[in-house]
Amino acid sequence: MAGSSDVVIVGAGPAGCAAAIGCAAAGLSVRLIEAARFPRDLPGETLHPGVEALLERLGVASEVRAADFPRHEGVWTHSPRGRVFTPYGAGAEGPWRGFQAWRAELDGLLLRRAVALGVEVLQPCRALRPLVEQGRVVGVETSLGLQHGRFVVDASGRGRWFTRKHGLARCVDSPFLLARYGYVRGRFVELDEHPSLRWEPDGWEWIARVRPGLYAWTRLSLHPHRSTRTELPQALSTGRAAGAPRGADVTWSRVDAPAGDGYFIAGDAAVVVDPASSQGVLRALMQGMMAAHLITACVKGRASEAEAARVYRGWVRDMYQRSVSALRERYAAIPGAPPWVAERPAPA
């Protein structure tokens with residue numbers, strides 16, 4: 001099923017769908033390639049209230065609100081100094097509230113919006129290698145044939161398909177970090193209203209209700225030589241584990257060149273920061289939307305490809321460095337924090 005379009009996007013998660021929606025809404029032809037069948041099993045995500053403005057721009061805010069994801073006005077933090085509630089803030093209409101989104105539903109909502117705008121979806125379909133002519137990316141070889149496009153967007157996640165196949169360099173700013181996460185069934189009234197973040201001697205533990213009677217937990221050890229523990233959190237110990245604990249590589253890293261001749265990289269394929277930042281989906285949506293904005297400007301002759309790539313590279317780098325700096329400051333306050341959290345990377 002070979003084809004040609006203005007934009008070929010690999011990955012139908014938040015970054016890929018945001019890029020597809022943005023390009024299609026601007027009148028560009030888009031093909032979206034996704035290897036997995038939906039719905040797919042992915043962990044729930046805590047979404048900062050700032051995500052609502054992005055959801056409005058993408059045209060899915062009302063659908064997300066109707067999905068009845070748990071909402072919360074802030075986070076409880078437990079530390080040796082005590083228990084503190086930190087609200088997100090408030091505006092004229094009342095307290096700001098975040099979402100505890102179930103990723104399978106969120107991804108489905110975004111994909112349906114893309115399809116409604118005319119995006120052609122190839123699913124299941126695997127990206128095999130980028131097509132390159134005279135140093136410029138011009139499409140993707142897939143399991144369903146060659147897909148040519150003026151631009152390619154890699155939003156394939158932490159597998160970093162394009163980075164590996166195209167031989168791009170990555171900047172790594174932490175030791176190997178492996179987060180553990182799982183689910184517990186039960187009823188824990190004290191955890192129903194707001195998520196809980198507990199600082200531990202070697203890292204942190206996060207708990208949130210993600211569905212009625214279902215609670216997610218995530219734990220991360222910041223010490224390079226200590227494995228992240230996999231037992232149930234004490235606060236959930238009377239519940240019933242829903243499946244075995246899983247793991248995710250959350251080593252802080254970014255692609256040195258997340259844009260170049262004919263390509264953009266967005267979401268976890270471009271940048272990974274551990275979940276304590278609570279910005280994974282927010283960052284993915286913003287990067288997908290920015291890539292769409294710059295691609296549209298190029299296709300419509302409002303910007304050169306070189307300038308668009310330069311702007312995107314600097315913007316992604318600055319976003320990543322702000323997140324990393326905030327996490328270093330936060331982690332440095334933990335008693336017994338490992339030395340690496342205080343290390344500052346060399347300027348880019």
Side-chain angles (χ1 to χ4, degrees), residues 4-33 50-51 53-59 110 113-114 117-120 127 130-133 135-140 147-157 160-163 166 168-169 171 254-271 279-323 348:
S4 179
S5 56
D6 291 321
V7 190
V8 178
I9 300 171
V10 180
C17 283
I21 290 168
C23 289
L28 307 189
S29 58
V30 182
R31 281 197 166 189
L32 181 56
I33 299 165
V51 79
L54 302 183
L55 298 175
E56 291 282 3
R57 288 178 58 188
L58 292 168
L110 289 165
R113 172 62 174 163
L117 290 170
V119 172
E120 185 177 357
L131 302 176
V132 181
E133 294 180 2
R136 188 179 190 281
V137 177
V138 296
V140 180
Q147 307 300 327
H148 287 88
R150 180 164 175 181
F151 288 94
V152 170
V153 177
D154 177 22
S156 60
R160 303 182 185 93
W161 160 81
F162 184 86
T163 296
H166 205 50
L168 300 179
C171 173
R254 64 177 175 86
V255 178
D256 279 346
D261 290 342
Y263 75 87
F264 288 80
I265 307 176
D268 284 352
V271 166
Q279 294 180 349
V281 169
L282 183 71
R283 184 170 54 244
L285 293 173
M286 290 176 67
Q287 290 177 357
M289 293 167 75
M290 176 61 93
H293 170 72
L294 293 170
I295 288 170
T296 300
C298 292
V299 171
K300 297 194 173 183
R302 298 195 298 265
S304 71
E305 294 185 21
E307 177 65 10
R310 186 193 66 78
V311 168
Y312 188 78
R313 288 195 299 266
W315 181 78
V316 169
R317 181 188 63 244
D318 291 347
M319 177 185 289
Y320 170 80
Q321 290 178 341
R322 285 194 299 271
S323 295

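Bear in mind the structure is a predicted one, so any value in this text is a computation, not a measurement.
- Classified by interplanar angle (parallel below 30°, tilted 30° to 60°, perpendicular above 60°), the ring pair His166/Tyr263 is perpendicular.
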All N/O donor-acceptor pairs, side-chain side in residues 9-30, below 3.5 Å, sequence neighbours left out:
from  : atom 1 : to   : atom 2 : distance (Å)
Ser29 : OG     : Asp6 : N      : 2.8
Ser29 : OG     : Asp6 : OD2    : 3.2

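- For the residue pair Leu54 and Met286, the shortest heavy atom distance occurs at CD1-CG, 3.4 Å.
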Please walk me through it: do Val7 and Val299 pass side-chain contact (heavy atoms from CB on, under 4.5 Å)? CA-CA 10 Å; Val7 190; Val299 171; 5.6 Å; no

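- The shortest side-chain heavy-atom distance between Arg113 and Leu58 does not fall under the 4.5 Å cut-off.
- To the nearest 0.5 Å, the span separating CZ on Arg150 from OG on Ser4 amounts to 11.5 Å.
- Taking the side chain as every heavy atom from C-beta outward, Leu285 and Leu110 approach each other to under 4.5 Å.
- Across Tyr312 and Pro258, no two heavy atoms sit closer than the pair CE2-O, 3.5 Å.
- Interatomic distance, NZ of Lys300 versus CD1 of Ile295, reported as 13.0 Å (0.5 Å rounding).
- In plain terms, the two heavy atoms of Thr163 and Ala269 that are nearest each other are OG1-O, 4.1 Å.
- Counting heavy-atom neighbours within 6.0 Å of His148 NE2, excluding the residue itself, gives a total above 12.
- For Val271, the side-chain contact (heavy atoms from CB on, under 4.5 Å) partners two or more places apart in sequence, or in a different chain, are Arg254, Val273, Arg283, Gln287, Val316, Tyr320.
- Using a 4.5 Å heavy-atom cutoff, the side chains of Gln279 and Met319 are not in contact.
- Using a 4.5 Å cut-off on side-chain heavy atoms (C-beta onward), Val132 and Asp261 make no contact.
- Side-chain contact between Phe162 and Pro130 is present, with heavy atoms from C-beta onward closer than 4.5 Å.
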Could you tabulate the donor-acceptor pairs under 3.5 Å formed by side-chain atoms of residues 301-311, not counting sequence neighbours?
from   : atom 1 : to     : atom 2 : distance (Å)
Ser304 : OG     : Glu307 : N      : 3.1
Glu305 : OE1    : Arg136 : NE     : 3.2
Glu305 : OE1    : Arg136 : NH2    : 2.9
Glu305 : OE2    : Arg136 : NH2    : 3.1
Glu307 : OE1    : Arg310 : NE     : 3.1
Glu307 : OE2    : Arg310 : NH2    : 2.7

